[in-house]
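Note sheet for the following structure.
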Amino acid sequence: MENKRKQEKAWVINQTEMIPGIMDLLIKAPKTAAAAAPGQFLSLYCGDKSRLLPRPISICDTDKFTGAIRLVYRVGGAGTEEFSKLGPGETIRIQGPLGNGFPLDPGFSSVMIVGGGIGIPPLLYLAKSLHIKKTLVMGYPSVTYLDEELAQHGNLYIATEDGSRGTKGNVINAIEENGLTADAIMACGPIPMLRALKQYGEAHNMRVIISMEERMACGIGACLACVCKSTEKDAYLNINKKRVCLEGPVFDAREVEL
Amino acid sequence: MENKRKQEKAWVINQTEMIPGIMDLLIKAPKTAAAAAPGQFLSLYCGDKSRLLPRPISICDTDKFTGAIRLVYRVGGAGTEEFSKLGPGETIRIQGPLGNGFPLDPGFSSVMIVGGGIGIPPLLYLAKSLHIKKTLVMGYPSVTYLDEELAQHGNLYIATEDGSRGTKGNVINAIEENGLTADAIMACGPIPMLRALKQYGEAHNMRVIISMEERMACGIGACLACVCKSTEKDAYLNINKKRVCLEGPVFDAREVEL
Amino acid sequence: MNLSVNIAGVTLKNPVMSASGTFGSGHEFADWMDPGKLGAIVTKGVSAVPWEGNATPRVAETPSGMLNAIGLQNPGIDVFVNRDLPELEKYADTKVIVNVCGKTAEDYIRVVERLSEEPRADLLEINISCPNVKEGGIAFGQNADSVYEITKKLAEVSKKPIIMKLSPNVTDITEMARAAEAGGADAVSLINTLTGMKIDIERRRPLLANMTGGLSGPAIRPVAVRMVWQTVRAVKIPVIGMGGIASAEDALEFLLAGASAVAVGTANFNDPLTMEKVISGIEKYMERHGMDDVSMLRL
Amino acid sequence: MNLSVNIAGVTLKNPVMSASGTFGSGHEFADWMDPGKLGAIVTKGVSAVPWEGNATPRVAETPSGMLNAIGLQNPGIDVFVNRDLPELEKYADTKVIVNVCGKTAEDYIRVVERLSEEPRADLLEINISCPNVKEGGIAFGQNADSVYEITKKLAEVSKKPIIMKLSPNVTDITEMARAAEAGGADAVSLINTLTGMKIDIERRRPLLANMTGGLSGPAIRPVAVRMVWQTVRAVKIPVIGMGGIASAEDALEFLLAGASAVAVGTANFNDPLTMEKVISGIEKYMERHGMDDVSMLRL
Ligand SMILES: Cc1cc2nc3c(=O)[nH]c(=O)nc-3n(C[C@H](O)[C@H](O)[C@H](O)COP(=O)(O)OP(=O)(O)OC[C@H]3O[C@@H](n4cnc5c(N)ncnc54)[C@H](O)[C@@H]3O)c2cc1C
Ligand SMILES: Cc1cc2nc3c(=O)[nH]c(=O)nc-3n(C[C@H](O)[C@H](O)[C@H](O)COP(=O)(O)OP(=O)(O)OC[C@H]3O[C@@H](n4cnc5c(N)ncnc54)[C@H](O)[C@@H]3O)c2cc1C
Ligand SMILES: Cc1cc2nc3c(=O)[nH]c(=O)nc-3n(C[C@H](O)[C@H](O)[C@H](O)COP(=O)(O)O)c2cc1C
Ligand SMILES: Cc1cc2nc3c(=O)[nH]c(=O)nc-3n(C[C@H](O)[C@H](O)[C@H](O)COP(=O)(O)O)c2cc1C
Ligand code: FES
Ligand code: FES
């Protein structure tokens with residue numbers, strides 16, 4: 001068989017801690033980078049043999065010219081802990097790009113890009129790649145990250161839970177406080193945020209496009225681990241479920257139950 | 001409780017491949033080095049969490065002043081493969097020194113130190129530390145290693161299976177060919193070699209002191225994985241067995257069944 | 001060198017197959033490896049009607065293993081036969097083993113009868129060992145009498161050879177294997193997953209929505225090798241071995257133990273090329289040991 | 001903060017103990033950790049007369065686990081009582097649980113009667129689940145009737161509370177636990193090892209001299225947690241949980257599942273400080289979750 005896709009052994013170009021607990025990893029993986037689109041993700045594999053399952057991490061940015069991919073991730077469990085130790089020249093096994101990203105020619109002319117917490121990284125790549133009118137709304141617990149870079153791609157509004165910057169509260173508070181409007185919302189973040197945005201979109205007649213998360217095993221549609229509930233019967237699965245890894249992670253909010 | 005012993009996090013000073021498949025690892029582990037004696041071994045722990053059991057490796061040399069320990073080992077399975085990748089500045093978890101080493105004040109005045117294959121490394125430390133008349137006999141499959149260093153501590157006779165150096169054949173052939181004699185034999189190597197030396201010693205009325213190997217789990221006498229058969233009932237175990245890790249690895253050949 | 005093996009009259013070009021449920025309906029992995037290289041493709045369990053499966057989280061990682069509680073989600077036999085099975089035509093050289101699940105004996109019978117008419121289904125693997133569904137599944141597989149009963153019913157209606165897939169969650173695997181043989185099974189496959197559980201200590205509740213799940217991956221390999229070894233020595237029908245195979249060396253443990261063929265499951269999630277590596281690694285081992293037929297591996 | 005737990009009338013200052021067979025007779029580890037910090041020391045299985053155990057190799061490494069087939073080598077009850085038990089006097093604050101093995105019911109009875117007279121033996125753990133001996137051991141533990149019978153006999157003669165140690169190599173662990181409870185057990189402990197096997201593909205034979213061995217370590221933890229969870233919900237007597245505990249987080253899974261105490265085995269071989277870390281980690285977790293009694297952990 002020709003034209004098969006392969007896991008890539010990526011080289012670490014650099015890695016820094018952006019803010020406590022959040023790492024900024026730059027890897028060189030030309031084949032994967034070449035195919036990547038905003039909203040897609042990679043499966044990252046651990047070196048430690050006791051950890052078999054991939055860690056899905058969204059593509060935060062790519063440089064197609066140098067073949068670099070940027071990943072921004074939170075150190076939570078053992079796998080991300082392992083990744084956080086990687087230094088320049090070390091390698092990491094990756095598979096991707098996986099899933100369906102955000103529509104880049106979406107058929108509307110203005111969009112609010114809304115991110116929350118560790119859902120923010122893929123939105124940088126999206127903001128860079130989407131050439132329509134963009135307003136950015138990012139919610140953080142307290143310390144902000146990626147905000148300066150995001151601000152280069154549209155007006156940026158910030159919400160922090162502790163009120164240390166921008167609107168005190170969540171992204172909805174920031175949207176309302178600043179009276180922001182757009183034809184549509186594209187969002188990534190925790191489920192409660194996505195749920196609130198879906199309602200907000202319905203109330204304001206805006207299309208809402210969201211990126212979902214679920215625990216995965218294969219990352220390529222084969223194991224049915226990562227399903228979310230869909231409002232309609234999925235054409236392929238023949239039940240009211242969709243695979244986050246294959247039909248998603250990006251869905252029209254109307255398609256899925258939150 | 002005071003005076004407890006602890007696993008030590010050792011720093012890799014340097015590692016090189018001596019001959020294909022045999023690594024020469026120098027680590028800094030001052031507490032362990034301070035207590036070490038020839039014939040004792042260390043438990044080396046893997047970084048990879050899927051591999052739980054320690055790898056017992058004999059102490060090839062120590063420098064009490066710098067706190068360095070030298071280990072020479074063959075890359076066989078996954079654990080030694082992992083160790084072979086360690087570079088300067090990296091760390092490895094060790095426990096030791098473990099077991100009982102060779103008698104350094106043995107009550108006889110000349111000794112033949114006999115090694116075979118990967119049993120040779122501990123004999124360098126022994127040769128360095130034993131201040132009686134020493135003759136060294138080392139058997140290799142083909143390519144020799146550690147021979148130059150060994151030769152600094154006594155007359156060295158070499159046997160190679162393929163005859164590429166020294167006597168063609170095994171260590172017994174070398175002993176006989178060169179008409180070597182001594183009051184006693186101290187040896188480390190494969191069981192067939194030890195068995196032959198035991199017989200040779202009985203025939204020639206020489207005391208034979210050997211270092212044994214067995215698969216281990218605890219390395220400190222608690223699990224009873226590593227027993228060998230003993231000729232007499234062991235005072236502690238109350239059966240005809242001895243623990244290689246605690247009563248050994250060095251035994252008088254008369255004590256054990258080979 | 002002859003790698004081909006015969007399972008109940010069906011010749012597989014090599015003894016390596018996918019483990020059911022880890023390989024979708026056979027084509028999901030096609031971008032990442034060549035399903036046509038396999039001795040057989042084993043498809044995800046299919047039932048008489050579409051099944052929703054369990055709530056998420058459906059998987060959890062465990063040391064050298066994973067828990068799954070997919071709950072046999074599947075699109076139902078109609079879609080499977082009309083859409084998925086034809087997709088596999090393109091791997092003409094590779095046999096197709098369809099994994100069958102059901103809640104009642106009638107469910108199984110319906111699916112088996114339907115598949116009996118499908119030329120692309122070479123063998124049927126009957127899952128009586130899924131720990132993740134409330135009814136059916138493992139309930140059939142943990143008692144020798146019911147293993148015998150269900151096997152007998154299916155053997156009577158099936159026009160394809162049937163492989164009974166056994167559960168390791170039993171006191172004596174050989175008893176189940178003998179019951180399957182007595183009931184007319186053409187082969188047995190083992191092991192399905194060991195029932196396990198992981199507790200999320202921060203959220204203070206079981207991590208899987210289903211509470212318990214099936215443990216698979218290298219962690220369970222020693223149990224699987226032991227059960228295959230015992231079963232091979234207890235029955236005359238072929239034994240298909242699986243459980244934690246992630247390399248050719250692992251597969252060889254099963255083949256040496258006497259398995260006629262092996263399946264790879266969880267390891268595909270870590271590296272889609274695992275099965276291709278297993279096939280070439282078996283070849284290299286045989287070469288190195290001067291064996292020209294895969295049957296020589298058996299101890 | 002109260003870490004103490006009560007097992008059958010015996011108070012352990014904390015719920016952490018060594019797993020039998022991995023901790024010698026209690027003092028082997030004393031250079032490397034402080035046995036006096038444990039809630040209880042559980043000693044290696046002891047029988048009426050000295051046992052030779054199996055031939056070597058007795059252990060093999062497996063992914064995130066190990067196989068052992070020590071075969072219950074032990075110096076016999078006389079030496080144990082006269083030499084090893086007095087050694088444990090120095091850990092006055094730590095309870096002693098003596099693990100008992102036998103080939104026949106009479107063997108067990110002899111040892112239990114003897115230990116009944118020993119003040120330093122606080123509790124007896126009856127090993128009816130060792131997969132590595134030909135007679136006795138697991139044979140008693142894989143059938144509810146024989147679990148009941150042996151428990152009943154021992155409960156009658158024992159002056160110490162008895163803990164029946166259950167085998168995971170059964171179809172339904174709760175059945176065994178209920179049989180032990182009905183027979184008069186004061187507690188149950190689980191799990192002993194899962195029977196497994198590893199084949200040395202280069203030497204073309206089982207790696208362990210005994211062919212099969214018992215699988216332990218983190219690999220089996222999900223199975224152990226599941227069985228403890230089920231057992232806690234099936235019996236009223238305390239359940240001591242073990243199987244793959246290597247950290248406080250792991251131990252907490254068992255305590256949340258409802259275990260009254262936990263034992264650490266294989267992990268001691270990797271790091272002798274494991275049990276001390278488990279104790280302090282449990283404390284920290286309780287602090288963080290505002291719990292002042294270890295009994296609050298149970299879900
Ligand atoms: C499509 C997608 C994109 C993601 N993008 C990012 C990102 O850009 N940055 C980022 O920080 N995080 C992202 N996540 C979450 C990230 O996958 C988890 O934080 C990570 O897998 C945790 O691994 P661990 O080893 O730290 O945790 P462990 O607890 O050791 O992981 C154990 C297992 O659970 C899985 N798991 C644990 N938490 C999650 C989770 N929240 N979602 C999915 N699987 C989980 C792991 O993948 C692993 O298989 C994304 C998740 C998905 C599904
Ligand atoms: C007291 C003692 C001293 C030793 N000194 C040396 C030495 O100085 N240099 C050297 O090269 N080798 C030495 N060995 C052998 C060395 O321990 C093994 O080669 C090593 O453990 C293999 O580990 P692995 O990860 O490569 O193999 P794997 O096959 O991955 O090991 C799996 C398990 O089996 C054990 N194992 C495998 N082979 C052996 C063996 N031959 N002996 C004991 N356990 C084994 C491992 O420790 C591990 O627990 C010594 C062994 C003992 C008992
Ligand atoms: C995600 C997942 C889904 C599974 N689904 C099925 C299934 O539908 N039918 C079945 O018989 N076995 C199923 N199994 C069990 C596997 O086929 C196999 O028996 C088991 O996982 C052991 O092999 P492994 O360790 O190589 O994964 C599934 C296993 C996993 C991990
Ligand atoms: C080397 C070894 C020896 C063991 N010996 C005994 C024993 O004598 N009696 C017993 O009841 N269990 C014995 N076991 C089982 C352990 O006590 C424990 O139940 C099992 O190993 C699971 O715990 P772990 O995963 O923490 O090791 C032994 C286990 C090992 C690894
Ligand atoms: S992770 Fe396997 S189907 Fe999505
Ligand atoms: S390795 Fe445990 S007693 Fe020697």
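Being a predicted model, the structure only gives us computed values, none of them experimental. Note on naming: letters A, B, ... go to the chains in the order of the sequence lines (proteins, then strands), and numbering restarts at 1 for each one. Heavy-atom basis, side chains included; hydrogens, waters and symmetry copies ignored.
- Neither the backbone nor the side chain of D/Q230 comes within less than 4.5 Å of any heavy atom in chain C.
- The residue from D/I240, D/L255, D/D250, D/V5 that alone fulfils the side-chain contact (heavy atoms from CB on, under 4.5 Å) condition with D/V262 is D/L255.
- If you measure heavy-atom distances from C/L252 to chain D, the contacts under 4.5 Å come from both the backbone and the side chain.
- Residue C/F254 does not touch chain D at all, counting heavy-atom pairs closer than 4.5 Å.
- Side-chain contact between D/E202 and C/Y285 is present, with heavy atoms from C-beta onward closer than 4.5 Å.
- Among the candidates C/M291, C/R288, C/M1, the single residue satisfying the side-chain contact (heavy atoms from CB on, under 4.5 Å) test with C/E283 is C/M1.
- Of the residues considered (C/V170, C/T212, C/L297, C/N143), C/V170 shows the highest number of contacts with chain D, using heavy-atom pairs under 4.5 Å.
- Heavy atoms of D/L67 lying under 4.5 Å from chain C belong exclusively to its side chain.
- Inter-residue side-chain proximity for C/D200 and C/R204 is flagged as unmet; no heavy-atom pair is nearer than 4.5 Å.
- With a 4.5 Å cut-off on side-chain heavy atoms, D/I199 and D/L207 do not count as touching.
- With a threshold of 4.5 angstrom between heavy atoms, C/T195 approaches chain D through its backbone and through its side chain.
- Heavy-atom pairs under 4.5 Å with chain C were tallied for D/V223, D/D172, D/I201; the largest tally goes to D/I201.
- For D/L215, the part lying under 4.5 angstrom from a heavy atom of chain C is the side chain only.
- Under the 4.5 Å side-chain criterion, counting only non-hydrogen atoms from C-beta, D/S129 is in contact with D/N127.
- C/M227 does not touch chain D: none of its heavy atoms, backbone or side chain, sits under 4.5 Å away.
- Closest approach of D/P63 to D/A219, counting heavy atoms only: O-CB, 3.5 Å.
- Between chain C and the residues D/I220, D/L194, D/L299, D/V228, the most heavy-atom pairs under 4.5 angstrom are made by D/L299.
- Only the backbone of C/R205 comes within less than 4.5 Å of a heavy atom in chain D; its side chain stays farther off.
- Only the side chain of D/P206 comes within less than 4.5 Å of a heavy atom in chain C; its backbone stays farther off.
- When side chains are defined from C-beta on, C/L166 counts as touching C/I173, because their heavy atoms get closer than 4.5 Å.
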